[in-house]
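This one's a predicted model, so the numbers in the text were calculated from it and none came from an experiment. Numbers here simply count residues along the sequence, with the first being 1. Basis for what follows: all heavy atoms, side chains included, without hydrogens, waters or symmetry-related copies.
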Amino acid sequence: MADAKFFKQMPVDWDLRQDGADFSGVAGMRYPFQMVPAGGTRSCQISVSGGMARVRVGNPQIARIASDPGRPPVDALTFNTSGSFSIIGGRAGTTYVIAEEPGGIMPARLHLLNVYVKDEVKVRYNLARLSDPVNTTTSMSLAEAEKILTNVEALYLSQTNVRLIKQQMKELHVGRILSDNNNVIQLDVMSNNMEDVIFAEIRSQGLSNADVVFVFTWNIEGSRDLVQTTGRPLDGRTETPERFARYRNSSRSGPTVIYINSFGSAGFHHTLTTAHELGHHFGLSHFAPRPSNYLMEAGGNRGFKMSWGDINGVNRTGI
């Protein structure tokens, strides 16, 4: 009896050397899955031993397979050893790629790959670096912040088929003192969270004409409503209009604002934080069933993987 298993073929052409895709069948799914862009391709590997396996797609209108990228699609491919093939996205939807015996039988030792084909979704964003009269600059340059967003763009496009489109990059100077050099809140803003002040400047600088504004800042702390305490640091925080209204008992229209603490090395950690906070913009929470090292888990040992539920939450086409 043949034994077959699908494996992810990882991309190697961008900084993170991974696209974050889960390929292990977690969160209640017995079999792994792969997102394929509508009209695009994804490469997969298969390992076969002890016989021969035929690979085919459940619904050819949603996806097809081919022996190599650029080759015409076929109804089935046959493998008797390890090899690779391409999945070609058709219309948005859900199907599967199955490895079965040549006679059309799928015993327990052969394998199935869930396939989600998704249309491209566009999200516009602006990028800003915050300063005030005391903190005249953050530690990270706009060019370094732009590089982080370039990696986040690649992650979301490859993983969810969401294309992040940068519109503007600006220095965002707020005339009011937001905090002193020890990150202590100033007394005159105890009853006014910093988000109010910063968002007013975002609007005045013409940065609010986007879906998301990324603001690279330092670890400013603001007050929670009228309570005379700190505790809402602008450090890896996502303020959607809905969340802002819930905490502040007021309304504000406009983009989601994502705050990233720019201190430290501008590399893996900042990319991870930015990608995680962007997930909250799409409504993803910390509490969905997924392993602890996945992107949307709270703190700790996170990685770039997203579960099938996270991917469908970010891009709802084809569900």
Side-chain angles (χ1 to χ4, degrees), residues 1-12 18-120 155 157-162 290 294 304-319:
M1 180 182 294
D3 189 4
K5 189 171 183 180
F6 294 111
F7 294 92
K8 184 167 185 59
Q9 193 162 318
M10 300 299 287
V12 294
Q18 58 177 308
D19 70 357
D22 178 16
F23 207 71
S24 60
V26 299
M29 296 188 68
R30 178 183 174 190
Y31 296 107
F33 65 90
Q34 172 68 69
M35 193 286 297
V36 180
T41 63
R42 285 289 186 268
S43 295
C44 285
Q45 294 176 313
I46 185 171
S47 173
V48 179
S49 61
M52 188 170 292
R54 183 179 71 172
V55 175
R56 64 176 178 86
V57 177
N59 187 339
Q61 292 184 327
I62 293 175
R64 303 288 301 277
I65 56 173
S67 57
D68 291 296
R71 298 294 297 272
V74 295
D75 292 332
L77 293 168
T78 302
F79 295 87
N80 58 11
T81 186
S82 298
S84 62
F85 63 96
S86 294
I87 307 174
I88 305 167
R91 63 174 172 83
T94 304
T95 186
Y96 58 85
V97 174
I98 190 172
E100 60 189 8
E101 292 190 331
I105 301 171
M106 184 192 169
R109 294 181 66 188
L110 297 190
H111 213 210
L112 181 144
L113 170 67
N114 293 286
V115 174
Y116 303 156
V117 176
K118 292 191 175 293
D119 294 329
E120 184 177 283
L155 177 72
L157 184 62
S158 180
Q159 172 79 343
T160 67
N161 208 24
V162 168
R290 65 174 80 86
Y294 274 41
F304 288 101
K305 287 184 178 181
M306 296 172 73
S307 71
W308 66 273
D310 295 337
I311 291 171
N312 283 335
V314 171
N315 185 337
R316 299 180 179 276
T317 67
I319 297 176

- Taking every heavy atom of D119 against every heavy atom of A38, the minimum-distance pair comes out as OD1-CB, 3.4 Å

- Message: Would you say that I46 contacts F6 through its side chain, given a criterion of any heavy-atom pair below 4.5 Å between the two side chains?
- Response: yes

- Task: May I ask you to test the M35-Q159 pair for a side-chain heavy-atom distance under 4.5 Å?
- Result: no

- Please name the pair of heavy atoms, one in K118 and one in I319, separated by the smallest distance, quoted to 0.1 Å. NZ-CG1, 4.0 Å

- Stepwise side chain to side chain contact (heavy atoms under 4.5 Å, CB included) check, S67 with L77: CA-CA 7 Å; S67 57; L77 293 168; 4.2 Å; yes

- Out of Y116, Y96, W308, which residue meets the ring pair (Phe, Tyr, Trp, His ring centres under 6.0 Å) rule with F33? Y116

- For A63 and I87 the tightest heavy-atom approach is CB-CG2, 4.1 Å

- Query: S49 pairs by side-chain contact (heavy atoms from CB on, under 4.5 Å) with which of N80, D3, T81?
  - Reply: D3

- Just wondering, do V97 and V57 contact through their side chains at under 4.5 Å, heavy atoms? yes

- Item | Over all atoms of both residues, closest heavy-atom pair of L113 and C44 | CD2-SG, 3.9 Å

- Query: Is there side-chain contact between P37 and R42, with at least one heavy-atom pair below 4.5 Å?
  - Reply: yes

- Would you call E120 and V162 a side-chain contact if the rule is heavy atoms closer than 4.5 Å? no

- Query: Which distance, rounded to the nearest 0.5 Å, do you find between the CG of N315 and the CG of D310?
  - Reply: 13.0 Å

- Query: Counting only heavy atoms not in R71, do more than 12 sit closer than 6.0 Å to its CZ atom?
  - Reply: no

- Query: Quick one: are D75 and R56 in side-chain contact, heavy atoms under 4.5 Å?
  - Reply: no

- Message: Do V115 and I62 have side chains that approach each other closer than 4.5 Å (heavy atoms only, starting at C-beta)?
- Response: no

- Residue pair A4 / A53: nearest heavy atoms and the distance that separates them: CB-CB, 4.2 Å

- Output the distance between atom CD (E101) and atom CE (M52), rounded to the nearest 0.5 Å. 11.0 Å

- Which atom pair, heavy atoms only, marks the closest approach of P69 to S43? CG-OG, 4.1 Å

- Does any non-hydrogen side-chain atom of V117 lie less than 4.5 Å from one of Q61? no

- Note on the structure: d(Q45 CD, S47 OG) to nearest 0.5 Å is 9.5 Å

